[in-house]
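All heavy atoms count here, side chains included; hydrogens, waters and symmetry mates do not. Just so we're on the same page: letters track the sequence lines, and every chain starts at 1.
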There are 2 protein chains.
Amino acid sequence: MAGSVLLPKPCLMRLPHYYRRLLQAMHEGQSIISSDELGEEAGVPAAQARKDLSYLGEFGRPGVGYDVYELAAHLERILGLNEPKKAILIGVGNLGRALASYPGFARYHLQIVAAFDIDPSKIGQRIGSIRVLPLEELETFVHQNDVRMAILAVPAAQAQSIADRLAAAGIHLIWNFAPVSLRVPTGVMVFNEDLAARLATLSFFLIRQSS
Amino acid sequence: MAGSVLLPKPCLMRLPHYYRRLLQAMHEGQSIISSDELGEEAGVPAAQARKDLSYLGEFGRPGVGYDVYELAAHLERILGLNEPKKAILIGVGNLGRALASYPGFARYHLQIVAAFDIDPSKIGQRIGSIRVLPLEELETFVHQNDVRMAILAVPAAQAQSIADRLAAAGIHLIWNFAPVSLRVPTGVMVFNEDLAARLATLSFFLIRQSS
DNA sequence: TAGATTGTTAATCGATTAACAATC
DNA sequence: TAGATTGTTAATCGATTAACAATC
């Protein structure tokens with residue numbers, strides 16, 4: 001399940017930042033870039049950036065730097081940025097709607113192919129081009145459309161039972177925005193975007209601010 | 001600036017999860033809890049949970065466990081969950097609106113006291129009880145209301161220039177939802193909630209899924 | 001050639017885990 | 001007393017950083 005490419009998790013989290021710096025370089029017509037410039041974008045020293053990239057292969061030229069286009073293309077391939085990624089959205093509240101229309105996702109080829117909700121008044125609505133379907137159709141839709149990813153934006157109380165259904169329906173990856181720890185069978189990956197928990201950690205720093 | 005309490009960052013990130021488990025215990029009438037139960041919620045072994053809590057002091061009783069109410073009260077104090085936390089919201093797009101009405105924030109006493117936007121058609125609107133003010137009034141408002149925290153939910157292109165203004169106006173903590181790395185003066189803390197970068201890391205796993 | 005920058009090794013740093021005496 | 005569970009030490013693990021030979 002871990003795939004063929006092994007990467008330390010902190011390294012993986014920095015790759016999108018390197019990639020973003022490469023896009024900027026392209027935009028500015030820069031064709032060679034240094035580990036120092038890449039590291040700066042990710043907030044790490046040049047040595048860290050070089051080490052991260054060395055996990056992917058040898059791309060740089062000593063004394064010169066990295067070819068912007070070549071490295072960008074490689075990161076796109078490693079991260080799968082250009083692969084179409086079908087996902088369903090569960091929960092069409094304020095946050096769900098915002099995610100459905102988030103402009104930053106299109107660049108990475110995320111395709112939200114349908115949304116689901118229990119609220120009858122929302123069924124049949126559209127968010128952009130995304131149709132809102134009744135939750136009962138979840139399993140059928142996942143099977144018929146071969147969807148592997150779900151974005152979960154329902155209230156905390158409903159999240160676990162829906163996660164169970166998603167796992168049973170064959171979803172492999174849940175991007176969870178509900179503020180709960182989900183239990184899922186092995187083989188299902190959960191990535192938590194827990195804004196309430198994050199706020200609690202911000203609170204720690206905020207109340208310690210001087211002045 | 002680092003405050004008096006030193007905590008490893010991974011530990012700090014787990015404290016909200018322990019706290020959440022304590023709330024659940026209270027709800028169920030459980031008055032003693034073990035490091036094993038706490039660790040499970042955060043996805044770590046019992047030894048890790050004990051070590052995390054030992055940074056805060058000695059709360060458990062050997063052979064017994066932790067007092068649910070006592071530990072919850074202590075976590076509330078350490079994290080400052082019950083302290084009122086004023087914040088302003090910059091950017092009243094879909095994501096900004098969703099954050100302004102996010103139900104999970106009230107429990108931790110986050111008070112979004114105003115929202116700002118450049119779009120004239122949005123000025124004067126209300127999101128719940130939050131008024132949308134023109135961006136020109138940002139500095140005045142921050143000074144007059146002694147605000148330390150800003151939630152930044154503007155398009156990537158505008159984020160840096162607004163971060164500059166926030167820092168100059170005396171904001172200490174920026175919760176940044178724009179997909180960019182902000183440069184801020186020392187003394188200003190930035191916490192990034194970079195959904196586009198996160199999607200890129202999800203992509204890495206998604207395209208490697210078997211079947 | 002002189003200057004710049006990579007890829008990699010080794011040293012450092014910090015977090016996690018295992019083990020267990022102390023305690024209830 | 002026997003069983004359970006903490007707080008803490010020491011061992012392990014993994015990531016970061018410094019340094020530098022190799023390369024352009």
*How long is the line joining CD of A:E58 and C1' of C:dT6, in whole Å?*
9 Å

_Complement of D:dG14, any strand, by Watson-Crick or G-U distances under 3.5 angstrom_ = C:dC13

_Between A:R208 (side chain only) and A:F204 (backbone N and O only), is there a donor and an acceptor less than 3.5 Å apart?_
yes

*Gap between atom CG of A:L152 and atom CD of A:Q158 - 0.5 Å precision*: 10.0 Å

*Starting at CD of B:Q48 and ending at C1' of D:dT9, how long is that distance when rounded to a whole Å?*
15 Å

*Atom CG of B:L6 to atom P of C:dA15: distance rounded to whole Å?*
11 Å

*In whole angstrom, give the distance that lies between atom CD1 of A:I33 and atom P of C:dA4.*
18 Å

*asked:* Check the phosphate of C:dT6 against A:S35, side-chain N and O only, distance under 4.0 Å to OP1 or OP2. Yes or no?
replied: yes

*For the ring pair A:W175 and A:Y102, is the centre-to-centre distance below 6.0 Å?*
no

_Most 5' of A:R61 and A:P45 on DNA chain D, judged by nearest nucleotide_ = A:P45

*asked:* I need the CZ-P distance between A:R50 and C:dT9, as an integer number of Å.
replied: 14 Å

*Relative to the ring of A:F116, is the ring of A:F141 parallel (under 30°), tilted (30 to 60°) or perpendicular (over 60°)?*
perpendicular

*Closer than 4.0 Å, any side-chain N/O of A:Y55 to the OP1 or OP2 of D:dA15?*
no

_Whole-Å gap separating P (C:dC24) and OH (B:Y66)_ = 14 Å

